[in-house]
Amino acid sequence: MKSEYDFSNTANTAGRPVKRKTRITIYLDDEVLQQFRSLSEQSGKGYQTLINAALRTRLPQARPEPALTE
């Protein structure tokens, strides 16, 4: 084993952006999911992005989401 290692080319983890999303399991009605997938195909945006934007509009002090304002 080397007594000294060079870490100068490794990624700096201290500069990572703050995590803003969490993976969860959620059950949606088939019809709801199909509608968002259809909207996704029409708009070119991901269906999860569209669902997230739709949910934001129902929150107090919701900020506009680009996915729904176009």
Side-chain angles (χ1 to χ4, degrees):
M1 183 181 286
K2 291 184 178 181
S3 61
E4 190 174 319
Y5 291 91
D6 179 16
F7 293 103
S8 62
N9 293 327
T10 60
N12 181 5
T13 58
R16 284 187 182 166
V18 177
K19 180 181 169 189
R20 297 190 57 218
K21 297 194 178 207
T22 302
R23 179 182 299 266
I24 64 166
T25 300
I26 185 171
Y27 290 95
L28 300 173
D29 293 340
D30 291 337
E31 298 83 15
V32 170
L33 187 55
Q34 185 55 41
Q35 283 287 332
F36 276 103
R37 285 183 171 158
S38 177
L39 288 171
S40 174
E41 289 177 11
Q42 294 171 17
S43 69
K45 294 177 173 51
Y47 73 93
Q48 292 178 352
T49 300
L50 296 174
I51 292 170
N52 196 43
L55 290 171
R56 281 185 183 279
T57 66
R58 301 299 298 169
L59 296 174
Q61 302 173 356
R63 65 177 192 234
E65 189 71 29
L68 292 181
T69 57
E70 293 180 3

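Counting begins at 1 with the first residue of the sequence. None of the values given here were measured: they were computed from a predicted structure.
- The minimum heavy-atom distance between L28 and L33, with the atom names listed, is CD1-CD1, 4.5 Å.
- Between K21 and K19, the shortest heavy-atom distance links the atoms O-CE, 2.9 Å.
- Cluster membership for L55 and Y27, using ILVMFWY side-chain heavy atoms within less than 4.5 angstrom, is not shared.
- Note that the OG atom of S40 and the CD atom of Q34 stand 10.5 Å from one another [nearest 0.5 Å].
- How far CD1 of I51 is from CZ of R37: 8.5 Å, rounded to the nearest 0.5 Å.
- Contact detail for L50 and S43: the closest heavy-atom pair is CD1-OG, 3.9 Å.
- How far CD of Q48 is from CG of N52: 9.0 Å, rounded to the nearest 0.5 Å.
- Minimum interatomic distance between A54 and F36 (heavy atoms only, all atoms of both residues): CB-CZ, 3.8 Å.
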